[in-house]
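A short worksheet on the structure shown next.
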Amino acid sequence: MGVMARFLITSALPYINGIKHLGNLVGSMLPADVHARYRRMQGHEVLFICATDEHGTPAELAAAEAGQSVRAYCDDQHEIQKAACAGFHLSFDHFGRTSHPLNHARTQHFAEALERAGLIEERVTAQVYSVDDGRFLPDRYVEGTCPVCGYEDARGDQCDNCGSLLDPVQLKNPRSKISGSTNIEIRDTAHLFLRQPLMEARVRDWVDASTQWPHLARSIAFKWLDEGLQDRSITRDLSWGIKVTQDGAPRPGFDSKVFYVWFDAPIGYIGATEEWAAATGQDWQRWWRTDQGADDVTYVQFMGKDNVAFHTVSFPVTLFGSGEPWKAVDRLKAFNWLTWYGGKFSTSGKRGIFMDQALELLPGDYWRWYLLANAPESSDAAFTLEGFQSAVNADLANVFGNFVNRITRFAATKMEGRVPGGGAPGPLEQALAARLADGIAALTAHHDAMDFRKAAAETRALWVAGNEYLQEAAPWSAIKTDPERAAVVVRTGLNLVTLFARLAAPFIPDTAQRVLDAMAVPAEGRGWPGADDASLLDTLPPGHAFEPPPVLFAKIEDTQVTAWAEQFGGGG
RNA sequence: GGCUGGGUAGCUCAGCUGGUUAGAGCGCACGACUCAUAAUCGUGAGGUCGAGAGUUCAAGUCUCUCCCCCGCCA
């Protein structure tokens with residue numbers, strides 16, 4: 001065991017608008033959970049934070065469709081997402097909300113700090129105002145005729161016909177998408193702009209020094225910086241969101257405006273940590289402020305590829321621009337997309353499985369294993385029900401589940417449910433120990449590198465090594481002629497059961513816990529094993545009592561796959 | 001149009017700074033075993049590594065051109 005370290009781990013924030021699909025899950029929250037569990041098992045101090053991202057126009061639209069107030073809608077959806085995350089055993093230390101008062105205050109704090117640093121500018125801009133709706137209309141609430149090609153259903157930000165990028169005020173014959181009203185005026189209104197170019201050199205130096213990032217992340221960040229950062233509006237004409245303040249009081253002229261969601265969402269990482277601190281009595285600053293003890297924290301972020309620029313450039317502009325000593329990301333892991341049979345997951349198109357639906361079919365561990373063993377790390381990856389079935393049946397049921405079952409049942413029947421003593425390890429056990437040492441070292445390296453597919457493959461390979469050993473050692477034969485030898489093999493096999501559960505715990509935590517409970521392994525025996533630990537095959541004391549766990553994984557039948565394909569649009 | 005990443009056995013993918021007969025899992029065929037969820041273990045068949053050219057004693061692995069696929073940005 002190495003020296004204790006501290007890890008702050010965040011997952012990209014799921015948007016509040018509806019429950020997430022399996023692609024969203026494997027794109028940040030799930031791998032972040034695996035890494036958090038792995039670091040905890042190593043004995044490190046871990047703080048794992050996530051939250052729902054609740055502001056912006058999509059939330060307003062969805063609430064209106066649901067016939068709810070935005071607040072009530074977000075309250076409901078937050079609980080739904082929280083429950084789904086729990087079903088997948090996501091071990092957040094806190095699952096917060098960007099709409100929480102603490103995040104409001106933190107966002108206002110950042111805006112004021114940025115203004116003091118000369119990075120905020122108030123400008124008057126022309127915006128589309130709907131008289132009948134009594135409000136300014138954000139980009140996606142306006143439609144009209146494209147000034148370039150004459151297409152009549154151009155959106156406020158872009159014409160789908162000719163591809164031109166538009167400003168909503170350019171549209172001819174504009175109409176409100178909310179009410180359909182054409183009673184539209186162009187009015188001047190003030191907004192706050194973040195002067196990002198002033199921070200460009202600072203961010204560039206930091207990216208340049210961030211050698212632990214993957215190549216892709218660095219190249220994305222440099223591309224943004226090379227193209228030049230723009231002054232960016234950080235406020236919007238909406239009622240749902242974080243109010244704009246100045247010196248702690250409502251900012252004059254901004255009573256009908258809020259911060260733009262992209263500005264307050266990443267601050268939600270900090271806000272959610274403050275929620276955690278308030279709920280537990282802990283100190284949040286030692287995780288986020290380098291002047292308050294966070295200088296020894298390793299901050300790891302998980303996100304989809306589309307989010308890299310925000311995490312490597314936009315959010316750092318906010319953090320560094322404040323002039324305050326905030327902790328910034330050290331390591332990051334970005335994912336490509338999980339596709340549904342090569343296409344997009346789609347709610348309306350009835351394509352793909354969403355988190356709540358998945359849990360109705362099978363427990364979280366089944367999904368965790370397949371999703372992580374096939375995580376979209378180097379490129380997009382396809383989710384198929386056939387692949388899922390194959391992974392569950394072959395890896396979980398046949399290789400791991402059956403291994404646990406075959407040796408524990410044998411021991412229960414022939415050894416009276418206790419770990420047998422006597423005998424001494426022979427050549428087979430020595431070869432097995434050497435194989436385990438190599439495998440654990442490789443697996444540990446893969447977890448350190450956050451290579452999830454490789455970690456899953458190595459975990460599986462170790463399970464296979466266990467089956468090979470049993471096949472070769474054949475305790476069912478030995479017990480007839482050489483009881484001492486049988487005792488050694490069974491004892492070794494039972495120790496393998498506990499070892500395999502520990503090694504698999506980051507991936508399938510619920511199952512691992514059930515196995516370790518059944519084997520009556522004490523809490524101190526459940527950490528991450530060291531590759532050089534010579535006692536791994538002889539940890540359970542002779543005479544130790546256990547119960548064979550019930551069958552761990554049920555196989556997925558062809559008829560189930562057929563039914564699910566029908567229900568969720570499988571087969572491509 | 002610009003930029004990542006990818007195009008390797010039927011399928012899903014490994015192949016680091018170039019070096020013996022190109023690897024794994026799944027699937028398939030055959031065999032072994034019987035403790036176990038008809039599970040497990042072993043053996044085998046299967047690929048001109050997207051196309052072409054170049055560098056090199058030697059290229060899936062480097063260079064150039066071209067063709068496809070997902071995505072991001074415009």
Side-chain angles (χ1 to χ4, degrees), chain A residues 23 27 157-158 162-166 214-228 230 303-310 312-313 334-344 369-370 373-384 386-415 442 445-446 449 451-461 463-480 486 489-490 493-494 497 548-557 572:
Chain A
D157 52 348
Q158 184 174 4
C162 68
S164 301
L165 292 181
L166 306 172
H215 302 302
L216 178 61
R218 280 167 67 87
S219 87
I220 289 175
F222 279 130
K223 178 168 178 278
W224 271 49
L225 293 165
D226 290 345
E227 289 176 354
Q230 308 291 316
M303 70 199 76
K305 191 167 63 172
D306 59 327
N307 251 323
V308 171
F310 286 101
T312 57
V313 178
F335 288 84
N336 290 278
W337 304 127
L338 183 74
T339 65
W340 180 257
Y341 287 89
K344 289 187 176 176
W369 176 258
Y370 176 64
N374 298 281
E377 289 182 298
S378 60
S379 64
D380 290 353
F383 183 103
T384 66
E386 293 76 14
F388 177 53
Q389 176 192 30
S390 172
V392 166
N393 292 359
D395 300 347
L396 297 181
N398 293 348
V399 176
F400 178 56
N402 181 56
F403 175 81
V404 172
N405 196 40
R406 69 193 293 202
I407 189 62
T408 56
R409 292 213 158 276
F410 184 83
T413 315
K414 314 286 190 186
M415 306 284 177
H446 290 144
D451 282 337
F452 296 95
R453 292 178 87 121
K454 289 179 179 175
E458 188 60 43
T459 300
R460 192 199 120 90
W463 295 338
V464 169
N467 278 316
E468 289 172 8
Y469 167 74
L470 279 191
Q471 200 69 23
E472 180 92 26
W476 49 89
S477 299
I479 198 166
K480 296 171 186 167
V489 177
V490 170
L494 293 174
V497 168
V551 166
L552 299 177
F553 295 98
K555 290 192 202 179
I556 298 173
E557 304 297 332

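Lettering of chains follows the sequences in order, A, B, ..., and the numbering in each one begins at 1.
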**Q.** Paired nucleotide for B/rU63 [Watson-Crick or G-U wobble; both distances under 3.5 Å]
**A.** B/rA53

What distance, rounded to whole Å, do you find between the two [atom1] atoms, one in [N] and one in [M]?
N	M	atom1	value
B/rU21	B/rG46	C1'	16 Å
B/rC41	B/rG52	P	41 Å
B/rA32	B/rA38	C1'	16 Å
B/rU63	B/rU43	P	38 Å
B/rC49	B/rG60	P	7 Å
B/rU40	B/rU4	P	44 Å
B/rG18	B/rC62	C1'	7 Å

Quickly work out the [X] [atom1] to [N] [atom2] distance and round it to whole Å.
X	N	atom1	atom2	answer
A/F403	B/rU40	CZ	C1'	11 Å
A/N402	B/rA36	CG	P	10 Å
A/K480	B/rC33	NZ	P	12 Å
A/F410	B/rA36	CZ	C1'	11 Å
A/W476	B/rC41	CH2	P	11 Å
A/I556	B/rU37	CD1	P	19 Å

**Q.** Side-chain donor or acceptor of A/N398 paired with backbone N/O of A/N393 under 3.5 Å
**A.** yes

Q.
Taking A/E377's backbone N and O only, do any of them form a donor-acceptor pair with A/N336's side chain (distance below 3.5 Å, no angle check)?
A. yes

Distances under 3.5 Å between protein N/O atoms and the N/O atoms of nucleotides 5-13 of chain B, please, pair by pair.
from, atom 1, to, atom 2, distance (Å)
B/rG5, O2', A/S378, O, 2.6

Q) Of A/D306 and A/G401, whose closest RNA chain B nucleotide lies nearer the 5' terminus? A) A/G401

How long is the straight-line distance from [atom2] of [Y] back to [atom1] of [X], given to the nearest 0.5 Å?
X	Y	atom1	atom2	answer
A/F553	A/W369	CZ	CH2	9.0 Å
A/Y370	A/L396	OH	CG	12.5 Å
A/E458	A/W463	CD	CH2	12.0 Å

**Q.** Sorted by number, the residues of residues 463-475 of chain A with heavy-atom contact under 4.0 Å to RNA chain B
**A.** A/V464, A/N467, A/E468, A/Q471

Q. Within less than 4.0 Å of OP1 or OP2 of B/rU40, is there a side-chain N or O belonging to A/N398?
A. yes

Q | In B/rG6, glycosidic geometry as syn within 90° of 0 or anti otherwise | A | anti

Review item, nucleotides 24-28 of chain B N/O atoms under 3.5 Å of protein N/O:
from, atom 1, to, atom 2, distance (Å)
B/rG25, O3', A/R460, NH2, 3.0
B/rC26, O2', A/S390, OG, 3.2

